[in-house]
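Written below as structure tokens is the structure these notes are about.
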Amino acid sequence: MSDVLILGAGLVGSALATALGSHGVTATVIDPADPATILAADYDGRATAIASASHRMLDAIGVGARLAGKGCPIASIRVSDGLEPGALDFVPDAGDGALGVMYENRHLRAALHGTAAETPGVDVRMNTRAVHVERHDAGVTATLDDGSTVTAQLLIAAEGRNSPTREAAGIRMAKWRYQHVAMIATFGHEYPNDNCAYEIFYPAGPFAILPLGDDEHGHRSALVWTVHENDAPGMLKLSDRAWLHEAEKAMGGFLGKLGPLSKRTSYPLGFHHAATITSNRLALVGDAAHGIHPIAGQGLNLGFRDVATLVEVLVEGKRLGLDLGDAQILARYERWRGLDTFLVALATDGLTRLFGIPGKSASAVRRFGISAVNAIPPLKNRFMAEARGESGDLPKLLQGMSV
């Protein structure tokens with residue numbers, strides 16, 4: 001019997017299992033994916049910004065060491081309304097360190113899976129599916145597709161935005177589509193990016209250029225290019241050369257000649273938020289609980305905040321001798337995470353709608369807002385704290401401390 005049963009061994013599920021195991025809470029992790037597939041170099045071409053607070057947690061649970069030398073620090077962030085003058089620059093004070101670190105997802109996945117597999121008290125079972133899960137008064141029992149059973153005190157759903165466990169629990173969702181598609185790629189460029197992350201807002205959606213480390217071809221960045229869903233099929237059919245030409249126009253050519261270009265991928269954008277993130281002997285984490293627009297790069301970081309919070313309440317509960325499925329423990333997790341995730345979701349949805357309003361008048365209002373933030377240091381510092389993931393009541397792991 002394990003203390004907890006985690007369904008889903010993705011980035012959030014693996015981080016959760018590792019963090020729990022390193023604090024003496026045993027975990028069985030079940031995932032139907034084949035490691036040979038998901039750990040292949042070409043499986044996921046995306047890159048993710050890991051906020052400073054999230055990185056402190058990864059360092060604290062032993063994942064940071066596996067990521068050494070594989071990331072690119074984000075030294076600054078520049079936000080603009082199209083290519084109009086008056087950009088908003090977020091530059092930390094000397095000695096404050098980077099705002100975050102950019103990692104290609106393939107490196108994150110390999111580091112998290114490798115650490116979880118080697119953490120005492122963590123039993124990772126890939127190529128395995130839970131065919132029946134029962135939550136009852138005495139605990140949780142799962143029957144696996146190999147005929148074996150697993151028991152635990154608590155079930156944790158880390159299965160992503162289409163979580164079948166959440167659906168089976170009857171948890172209501174607020175959700176909608178944005179009618180936008182995000183096109184993802186990495187590309188080389190002539191001029192250095194100076195480790196700056198650029199967020200250029202167009203009516204069709206944000207155009208984000210995110211710094212990556214140089215390789216044998218020279219300077220590199222990741223691109224998250226949001227377009228209307230009606231335009232996406234045509235854009236994705238363009239040749240690499242034509243696509244890069246359009247990208248160069250959208251960024252104003254400040255990175256010089258572009259190329260080479262990686263394989264391009266795309267996915268539709270939507271919003272979803274669970275009415276509650278707990279139920280009887282059940283907790284939701286990551287995309288199973290909430291999914292937001294990538295406009296602020298906070299999606300995975302929100303999941304890591306779930307991890308740090310849930311670990312803290314479970315570890316403290318175990319020290320007190322409580323059943324980890326106890327309603328009081330789950331209520332504390334719900335209170336701690338509920339408001340934060342709702343406010344971040346509300347803010348990103350509002351930004352998406354604000355910057356999506358076409359017309360010169362709307363653009364003028366946005367530029368005024370950008371100038372106002374630039375001119376008010378306390379407000380600007382608040383935005384930087386949000387970008388670092390350092391706002392609100394931080395769990396100990398996000399402060400770099402053990403629980």
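In what follows, residues are counted from 1 in the order of the sequence shown.
The closest donor-acceptor contact from the side chain of Ser52 to the backbone of Ala98 lies under 3.5 Å. Of the possible donor and acceptor atoms, one in the side chain of Asp34 sits under 3.5 Å from a partner among the backbone N and O of Ala36. For the pair Ser2 (side chain) and Leu5 (backbone), a donor-acceptor distance under 3.5 Å is absent. Judged by distance alone, with hydrogens and angles left aside, the side-chain atoms of His217 form no donor-acceptor pair with the main-chain N or O of Pro260 at under 3.5 Å. Using modelled atom types, no side-chain atom of Ser22 and backbone atom of Leu20 make a donor-acceptor pair closer than 3.5 Å. Using a distance-only test at 3.5 Å, with no hydrogens or angles considered, a donor-acceptor pair links the side chain of Arg166 to the main chain of Ala288.
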Query raised in the report: Leu310 and Val313: side chain to side chain contact (heavy atoms under 4.5 Å, CB included), yes or no, with the steps?
Result: CA-CA 5 Å; Leu310 187 56; Val313 300; 4.0 Å; yes

Query raised in the report: Passes side chain to side chain contact (heavy atoms under 4.5 Å, CB included), Arg109 versus Leu11? Steps please.
Result: CA-CA 6 Å; Arg109 185 170 285 104; Leu11 301 179; 4.0 Å; yes

Query raised in the report: Passes side chain to side chain contact (heavy atoms under 4.5 Å, CB included), Ile209 versus Met251? Steps please.
Result: CA-CA 9 Å; Ile209 307 161; Met251 67 180 69; 3.8 Å; yes

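Listed here is the closest heavy atom pair of His189 and Leu255: CB-O, 3.7 Å. Residue Val29 comes nearest to Val122 through the heavy atom pair CG2-CG1, 4.3 Å, listed as atom of the first residue, atom of the second, then distance. Heavy-atom minimum distance, Asn127 versus Pro35: ND2-CD, 3.6 Å. Across Lys318 and Thr26, no two heavy atoms sit closer than the pair NZ-N, 4.5 Å. Of all non-hydrogen atoms in Gly259 and Leu244, the two that sit nearest each other are CA-CD1, 3.9 Å. The heavy-atom pair separating Ala60 from Leu397 by the smallest distance is CB-CD2, 4.0 Å.
Taking the side chain as every heavy atom from C-beta outward, Val181 and Met235 never approach each other to under 4.5 Å. Considering only heavy atoms from C-beta on, Leu154 stays 4.5 Å or farther from Val140 through its side chain. Between Cys72 and Leu210 there is no side-chain heavy-atom pair separated by less than 4.5 Å. Counting heavy atoms from C-beta on, the side chains of Tyr178 and Thr226 never come closer than 4.5 Å. Between Leu16 and Ile156, some side-chain heavy-atom pair lies under the 4.5 Å cut-off. Looking at heavy atoms from C-beta onward, Leu144 lies in side-chain contact with Arg125 at the 4.5 angstrom threshold. Counting heavy atoms from C-beta outward, Tyr191 and Phe254 have side chains that stay 4.5 Å or more apart. Contact check for His290 versus Asp306: side-chain heavy atoms found under the 4.5 Å cut-off.
Applying the salt bridge (Lys or Arg N to Asp or Glu O under 4.0 Å) rule to Asp215 yields the partners Arg220; only residues at least two apart in sequence or on another chain are considered. Asn105 is linked by a side chain to side chain donor-acceptor pair (under 3.5 Å) to Asp44, Thr48, counting only residues two or more places apart in sequence or in another chain.
Atom CG in Leu258 sits 12.5 Å away from atom CZ in Arg241 (nearest 0.5 Å). In this structure, CG on Asn193 lies 7.0 Å from OH on Tyr198, to the nearest 0.5 angstrom. For the atom pair CZ (Phe304) and OG1 (Thr309), the distance works out to 13.0 Å, reported to the nearest 0.5 Å. Atom CG of Leu155 sits about 13.0 Å away from atom CG of Leu324, to the nearest 0.5 Å. Atom CG of Asp393 sits about 11.5 Å away from atom CZ of Arg335, to the nearest 0.5 Å. In this structure, CH2 in Trp225 is found 6.0 Å from CH2 in Trp243, a value given to the nearest 0.5 Å.
Residue pairs that meet the salt bridge (Lys or Arg N to Asp or Glu O under 4.0 Å) test with at least one member in residues 260-278, sequence neighbours left out, are Asp240-Arg264. Applying the salt bridge (Lys or Arg N to Asp or Glu O under 4.0 Å) test to every pair with at least one member in residues 226-239, sequence neighbours left out, gives these pairs: Arg177-Glu229. Residue pairs that meet the ring pair (Phe, Tyr, Trp, His ring centres under 6.0 Å) test with at least one member in residues 39-61, sequence neighbours left out, are His55-Tyr103.
More than 12 heavy atoms of other shown residues, nucleotides or ligands fall within 6.0 angstrom of atom CD in Glu190.
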All N/O donor-acceptor pairs, side-chain side in residues 275-287, below 3.5 Å, sequence neighbours left out:
residue : atom : partner : partner atom : Å
Thr276  : OG1  : Thr278  : N            : 3.4
Thr276  : OG1  : Thr278  : O            : 3.1
Thr276  : OG1  : Glu334  : OE1          : 2.7
Thr278  : OG1  : Glu334  : OE1          : 2.9
Arg281  : NE   : His136  : O            : 3.0
Arg281  : NE   : Asp137  : O            : 3.3
Arg281  : NH1  : Gln153  : O            : 2.7
Arg281  : NH1  : Asp323  : OD1          : 3.0
Arg281  : NH1  : Asp323  : OD2          : 3.3
Arg281  : NH2  : Asp137  : O            : 2.7
Arg281  : NH2  : Asp323  : OD2          : 2.8

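With respect to Glu246 and Lys249, a salt bridge is recorded, a charged nitrogen being found less than 4.0 Å from a carboxylate O.
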